[in-house]
Amino acid sequence: MLSSSSNNILETIRMIEEENLDIRTITMGINLLDCADADIDKSCEKIYRKITKKAKNLVNVAKDIEGKYGIPIINQRITVTPISMLVSVSGGDPVKYAKALDKAAKDVGASFIGGYSALVQKGMTPGDEALIRSIPRALKETDLVCSSVNIGSTKAGINMDAVKLMGQIVRETAEMTKDNNCFGAAKLVVFCNAVEDNPFMAGGFHGVSEPDVVINTGVSGPGVVREAIRKAGKKASMDQIAEIIKKTAFKVTRMGQLVGAEAAERLGVPFGIVDLSLAPTPAVGDSVARILEEIGLETCGGPGTTACLAMLNDAVKKGGVMASGSVGGLSGAFIPVSEDAGMIAAAEKGILSLEKLEAMTCVCSVGLDMIIIPGDTSAETISAIIADEAAIGMINTKTTACRLIPAIGKKSGEKLVFGGLLGEGPIMPVKKTRADVMVNRGGRIPSPINALKN
């Protein structure tokens, strides 16, 4: 149980309840390795039974806790062991697994299920490659399944064969779902240094070192942080602003720990981590870009943006670790363009560019997230963007990722609309220079010297 009293935590909740604070997700992670079977149909049956058994009360428990504390719990999600591991045992059509996951998630009422994934930072098994090549069809033929592929790490380097393949897969996924606003690509993340306890989608999966079943929570509160900075006024120094952010993150993390621990206890499974990520939504006031502008920028994307984001990300993490020994996941600040009203506005003005976003990913939690690019962007160019982002993660020993959505049939300056939490966004221009020779070389970018730390 928590060391702090519930009364103190509830007082914190009352202080911030009017500023768009929410529990973005309660996510149940489920290990599926015991569902492996040489017969793929039997394996799918085992998966369906295990998920529906373990997660049958997930949604009801979340609703009960929401009612008890008055805190919105937006999503109830599930993550599972990377499915490529099961494909390696069973063979067969991997999309059968995707459909089993989709059915199980729907039957327990989950918002999304993540883990249609492969970890190929150093090489691909036949099961890995089969799963990766099936991703476009899997995301077209399911509703709730999310997919991720880890193509690099600080220890292993970058698997350029996988990078080349993922450029093709991202584009093919967008093409196969073009009648649905290329929505499939919005459920596909390409990682470097993926973490095993990420409760957020679309990149969440249940790592093999995790417990059999675990509860992780994702807390979000950009509006809370922005309001705290606004109250400090324009004369506060940068170190004072950092302290305000840290204290606010401390309060938010305590709430996330309370909710996560109670959910785990009610469900009879271990509590894992609180992911304190400033994950924006299209709602007014729920924007990371607006936080940066409150700190003192005229528009997010202009000079000073990277420095402000670095301070914000660091202060959020410092506040989180002061509040809980269970902070994990991707804690920090997300910058998904289509999901952040301030980012959308800055991109529409032409101030926030793809190149500036790449610079910002050096200091934020993840990477190029929910970036809509022209529909004629080649697979090789997509691969090159993925390689650049992976290099940032590899060298800096941090998680980076790409969630790129080629808007098939549309060009720069137009808009793609998803609705809901995924929002909408302008199609951002991509430099026309090509990197085909580099991408087609394949092989592996070796791990950096700092990978040899022991």
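The shown structure was predicted, so the numbers you read here are calculated from the model rather than taken from an experiment. In what follows, every heavy atom counts, from backbone to side chain, and hydrogens, waters and symmetry copies are set aside.
- A donor and an acceptor atom, one from each side chain of Asn216 and Thr27, are nowhere located under 3.5 Å apart.
- Judged purely by atom type and a 3.5 angstrom limit, Glu66 uses its side chain to pair as donor or acceptor with the backbone of Ile73.
- A donor-acceptor pair shorter than 3.5 Å cannot be found between the side chains of Asn159 and Gln121.
- When all heavy atoms of Ala407 and Leu416 are compared, the closest pair comes out as CB-CD2, 4.0 Å.
- Residues Phe200 and Arg77 are in side-chain contact: their nearest non-hydrogen atoms beyond the backbone lie under 4.5 Å apart.
- Here the straight-line distance linking atom NZ of Lys415 with atom OG of Ser338 works out to 11.5 Å at 0.5 Å rounding.
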(request) Start with the C-alpha distance between Ser90 and Ser43, add both sets of side-chain angles, then the distance that settles side-chain hydrogen bond (donor to acceptor under 3.5 Å, both in side chains), and finish with yes or no. (result) CA-CA 8 Å; Ser90 67; Ser43 184; 5.5 Å; no
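- No donor-acceptor pair under 3.5 Å is formed between the side chain of Thr79 and the backbone N or O of Gly204.
- For the pair Leu32 and Ile51, the minimum side-chain heavy-atom distance is below 4.5 Å.
- For Lys247, the NZ atom is loosely surrounded, since the number of other residues' heavy atoms within 6.0 Å does not exceed 12.
- Side-chain contact check for Arg266 versus Ile65: some heavy-atom pair is nearer than 4.5 Å.
- Side chains of Tyr116 and Thr142: no donor on one and acceptor on the other come within 3.5 Å.
- The main-chain N or O of Gly342 is found under 3.5 Å from a side-chain atom of Asp340 such that the two form a donor-acceptor pair.
- Smallest separation of non-hydrogen atoms from Asn181 and Val417: ND2-O, 3.0 Å.
- Salt-bridge formation is not detected for the pair Glu294/Arg230: no Lys NZ or Arg NE/NH1/NH2 atom is positioned less than 4.0 Å from an Asp or Glu carboxylate oxygen.
- By the 6.0 Å contact criterion, NZ on Lys46 is enclosed, its count of non-hydrogen atoms from other residues, nucleotides or ligands being greater than 12.
- Across Val337 and Ala347, no two heavy atoms sit closer than the pair CG1-CB, 4.5 Å.
- Within the 3.5 Å criterion, the main-chain N or O of Gly393 finds a donor-acceptor partner in the side chain of Asn193.
- Under a cut-off of 6.0 angstrom, the local environment of CD in Gln240 is crowded, with over 12 non-hydrogen atoms contributed by other residues, nucleotides or ligands.
- A donor-acceptor pair under 3.5 Å links the side-chain atoms of Arg403 to the main chain of Ala186, judged by distance alone.
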(request) Verify side-chain contact (heavy atoms from CB on, under 4.5 Å) between Ile371 and Ile405, making sure each step is shown before the conclusion. (result) CA-CA 6 Å; Ile371 310 295; Ile405 300 102; over 6 Å; no
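- Among all heavy-atom pairs drawn from Ile273 and Pro199, the shortest one is CD1-CD, 4.2 Å.
- Here Glu293 does not pair with Arg226 in a salt bridge; the nearest charged N to carboxylate O distance is not below 4.0 Å.
- A distance-only check finds no donor-acceptor pair linking the side chain of Ser147 to the backbone of Leu188 [under 3.5 Å].
- At a threshold of 4.5 Å between non-hydrogen side-chain atoms, the residues Met360 and Met343 count as touching.
- Met311 has its side chain out of reach of Asp314: every pair of non-hydrogen atoms, C-beta onward, lies at least 4.5 Å apart.
- Considering only heavy atoms from C-beta on, Phe205 stays 4.5 Å or farther from Asn198 through its side chain.
- For the atom pair Glu358 CD and Cys402 SG, the distance stands at 8.5 Å (nearest 0.5 Å).
- Met370 CE to Ile344 CD1: the interatomic distance, rounded to the nearest 0.5 Å, is 9.5 Å.
- Side-chain N/O atoms of Ser134 and Tyr97 include no donor and acceptor closer than 3.5 Å.
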(message) Quick one, Ile295 with Met238, criterion side-chain contact (heavy atoms from CB on, under 4.5 Å). Give me CA distance, side-chain angles, the key distance, then yes/no.
(response) CA-CA 8 Å; Ile295 292 172; Met238 289 296 278; 3.9 Å; yes
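- Using modelled atom types, no side-chain atom of His206 and backbone atom of Val214 make a donor-acceptor pair closer than 3.5 Å.
- Atom OG1 of Thr305 is separated from atom CD of Glu298 by 11.0 Å, given to the nearest 0.5 angstrom.
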(request) Determine, stepwise, if the pair Glu45 / Arg49 fulfils side-chain contact (heavy atoms from CB on, under 4.5 Å). (result) CA-CA 6 Å; Glu45 289 173 11; Arg49 286 200 302 269; 3.9 Å; yes
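- Within a 6.0 Å radius of NZ in Lys106, other residues, nucleotides and ligands contribute more than 12 heavy atoms.
- Residues Val316 and Ile245 are in side-chain contact: their nearest non-hydrogen atoms beyond the backbone lie under 4.5 Å apart.
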(request) May I have the step-by-step check of side-chain contact (heavy atoms from CB on, under 4.5 Å) for Phe250 and Thr248, ending in yes or no? (result) CA-CA 5 Å; Phe250 175 86; Thr248 305; over 6 Å; no
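- In this structure, CG on Leu33 lies 6.5 Å from CG on Leu86, to the nearest 0.5 angstrom.
- A donor-acceptor contact closer than 3.5 angstrom links the side chains of Thr306 and Lys356.
- Between Gly304 and Leu297, the closest heavy-atom pair is C-CD2, 3.7 Å.
- Of the possible polar contacts, one joining the Thr154 side chain to the Met394 backbone as a donor-acceptor pair under 3.5 Å is found.
- In summary, the side chains of Ser84 and Asp128 do present a donor paired with an acceptor at a separation below 3.5 Å, with no hydrogens or angles considered.
- Listed for the Lys50 side chain is a donor-acceptor partner under 3.5 Å among the backbone atoms of Asn31.
- A distance-only check finds no donor-acceptor pair linking the side chain of Asp275 to the backbone of Thr217 [under 3.5 Å].
- Nearest heavy atom pair, residue Glu389 against residue Gly367, reads OE2-CA, 3.5 Å.
- Side-chain contact between Pro406 and Ile382 is present, with at least one heavy-atom pair separated by less than 4.5 Å.
- In this structure, CD1 in Ile26 is found 12.5 Å from CD1 in Ile78, a value given to the nearest 0.5 Å.
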